[in-house]
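The structure appears right after this line, and notes come after that.
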Amino acid sequence: MVQPNIPAAKRAGLPVDLQRLTAEGDDWLSAEERYALKTHGVCAQTQPHVFMIRIRTSDGVIGSSSARGLARIASDHGRGWVHLTTRQQAELHHIAATDVPDVLAAIEHIGMTTRSSCGHTVRGVLACAYAGAGLDEPFDCRPDARAVSQLVYERGQGLNRRLPSRLNIGFGGCTSCRDHAKTNDLGFVSVIRDGEPGYEVWVGGSLGKSAPTLAMRALPFVPRRDVLAVVDALLTVYCDYGEFDKPSRGRLKFLIRELGREDFLDLFVEAIDEVRARPWPAPMPVRVVDSESAAQILARVPPGGWGSGVRPQRLPGLATVTVNVPLGDIDSDDLIVLADLADEVADGNLYLTRNQNVVFRDVALGNVPLVRDRLAQIGLGLDGADQALDVRVCTGGPVCSLAITPAQAAATDVLEAKALARNSGLRVHISGCMNACAQHQIGDIGYSGGKVTVGGRNVTGYQVWLGGDLSAGQVGRIVGRITEDDVALATGAIIGVWEALRMHGERFCDTLARVGDDAVSAYLRAVLAARWEPGPEPDDAASVSGARELVGAP
Amino acid sequence: VTTVTGTMAFVVAQCSELAESGTVLRRRAGDRDVLLVRAGDTIVATAADCTHACGPLTGPLTNGSPQGLTCTWHGSAFDPRTGAVIKGPARKPLATFEVVVAGDDVMVTIPG
């Protein structure tokens with residue numbers, strides 16, 4: 001496939017005649033027009049003449065009526081398949097080129113959009129799926145996430161023509177979301193200072209295919225009223241100084257490295273000061289969490305007890321339940337069942353999570369068994385959500401045009417690994433290529449698909465990333481390589497080695513740090529023999545080494 | 001195309017094409033792709049694509065005893081006689097269709 005000249009496409013204004021697709025299909029599209037399509041959320045598949053369409057959510061929320069509409073569109077045009085991503089977005093596949101304009105219109109008609117969901121855009125803003133309901137957050141960050149989403153969305157293609165690369169924004173409230181916010185170019189971590197709700201601001205994080213990096217803390221506190229100014233200022237600095245003409249070096253992390261931490265921060269703060277006084281919309285009121293009520297809340301236990309799939313809410317007598325959606329894949333019939341459940345027992349919304357699941361909120365404790373029963377009828381459930389067997393995985397090959405390996409086949413095989421079943425706290429992430437849609441760098445065990453050398457043969461396989469743990473402030477390292485058939489075998493061996501080496505209570509990343517990557521790799525070589533190749537693929541070593549020092553420690 | 005009460009019947013193959021047990025044919029029946037499978041003495045018909053990500057299914061069968069129709073993309077497997085899932089990642093069974101043999105014609109009936 002011809003590679004597009006992305007800077008030229010952006011300078012030309014990202015022109016593409018969407019309506020022409022209806023009449024003529026997609027054969028006429030130039031590489032630059034195909035890139036422009038991505039900014040409308042329309043991306044190539046491996047299969048000819050069909051596309052993946054990504055639906056943007058502002059904060060991971062889909063209302064039940066929109067969910068039913070989405071299910072209808074998937075059924076009519078996308079062969080009934082909906083994939084939930086690790087960035088709280090939803091994807092349709094197999095959309096015929098001639099159907100693209102109609103599908104885009106239908107998505108707008110149900111109150112959703114695909115605009116700025118792919119390519120060099122500000123992607124859908126992440127927000128904690130438990131925000132406003134969970135016990136372990138300072139306050140509800142969702143209203144601010146929604147305001148930011150609205151701000152960047154309104155700037156549309158005008159902004160997309162100027163961005164050097166994509167920009168991810170994430171808001172974190174609960175413990176795990178706070179850590180995850182640091183994987184974004186711009187992360188907001190909610191805090192209370194002197195009784196005032198606001199955010200730590202983190203910048204420069206990104207996983208991506210090269211130099212996976214966690215963000216650095218740029219500002220210790222900004223009040224909520226300044227959030228939009230912070231976003232505006234960052235966009236200004238990024239567009240003014242970012243590497244527009246070299247997309248592969250366009251991410252914010254590269255700009256920060258080039259300018260240096262201090263000079264970047266000077267520019268950033270100066271830009272904030274310039275725009276702070278503008279008449280930004282006032283933030284929506286939020287209630288600060290009263291932590292003293294936790295004991296009272298937990299005293300009432302739902303049938304079946306609390307667990308990863310049934311979590312307490314701030315209001316006593318209510319639960320937040322998480323539907324475990326295997327591999328993030330759901331069909332249109334099941335999506336309608338979830339939408340109906342959202343109306344019947346929850347607050348009428350489906351909250352998409354970073355673990356590719358669906359959350360219902362405001363479920364009365366007495367209704368939890370009903371939810372379980374209804375889900376069981378369609379082969380879904382609440383058990384195991386967000387745990388080891390809830391493997392995070394991208395669409396992978398042969399559907400995604402970028403993927404090298406069929407990640408979903410590997411994920412299915414991994415589910416058979418008994419070692420995984422007895423270590424529910426582990427996290428396995430599998431991407432079909434280096435582009436990190438499954439965020440393989442932040443799993444205890446991560447796999448990125450590609451051409452790798454194993455036993456002297458160049459084969460389709462995976463590089464194995466170990467030790468990623470956001471709670472420890474670490475991204476994983478490539479410790480070895482395997483063929484695509486050995487993912488389950490390697491997973492069992494890796495966990496077995498960890499079980500043999502770990503000290504009491506040690507996290508996976510702690511054992512790895514204590515023993516050392518090379519020693520762990522040597523153990524795995526002893527177990528797997530020629531089926532384990534130590535270290536990263538030589539061609540990729542430079543792009544992943546030293547990544548964690550890119551912007552310095554927080 | 002033959003109209004049957006509530007269904008559409010389509011002649012999609014000749015028996016001679018399915019003489020050997022284990023044969024799998026992909027054919028078009030109206031607006032759907034179907035698989036015809038010779039399993040032992042019988043011919044069965046199923047949807048042609050996986051219920052997971054719509055990957056194309058293929059045989060082979062062994063001695064008429066189905067090892068399953070397998071998705072060439074992600075390895076899901078289905079029993080062609082019932083459509084039941086044998087192996088994931090697919091969770092939903094395959095649609096199966098009634099097969100009528102009339103002379104040498106193999107007809108598949110699709111719900112209207």
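To find a chain, count down the sequence lines: A is the first, B the second, and so on, and within it residues start at 1.
- Heavy-atom neighbours of chain B within the stretch residues 385-403 of chain A, taken at a separation under 4.5 angstrom, comprise A:T395, A:G397, A:P398, A:V399.
- Atom CG in A:D331 sits 3.5 Å away from atom NZ in B:K92 (nearest 0.5 Å).
- Looking at A:H93, neither its backbone nor its side chain comes within 4.5 Å of chain B, counting heavy atoms on both sides.
- Heavy-atom minimum distance, A:P406 versus B:H74: CB-CD2, 4.1 Å.
- Heavy-atom neighbours of A:D373 CG from other residues, nucleotides or ligands within 6.0 Å: above the threshold of 12.
- Within 6.0 Å of atom CZ in A:R372, more than 12 heavy atoms from other residues, nucleotides or ligands are found, so the atom counts as buried in its surroundings.
- A search for side-chain contact (heavy atoms from CB on, under 4.5 Å) contacts involving A:V50 returns A:Q45, A:Q47, not counting sequence neighbours.
- Remark: the backbone N or O of A:I378 is paired with a side-chain donor or acceptor of B:R91 at under 3.5 angstrom.
- Ring orientation note: the planes of A:W81 and B:H52 are tilted relative to one another, at an angle of 30° to 60°.
- Listed here is the closest heavy atom pair of B:P89 and A:L327: CB-CD1, 3.5 Å.
- When the candidates A:D334, A:L415, A:I330 are compared by the number of heavy-atom contacts under 4.5 Å with chain B, A:D334 comes out ahead.
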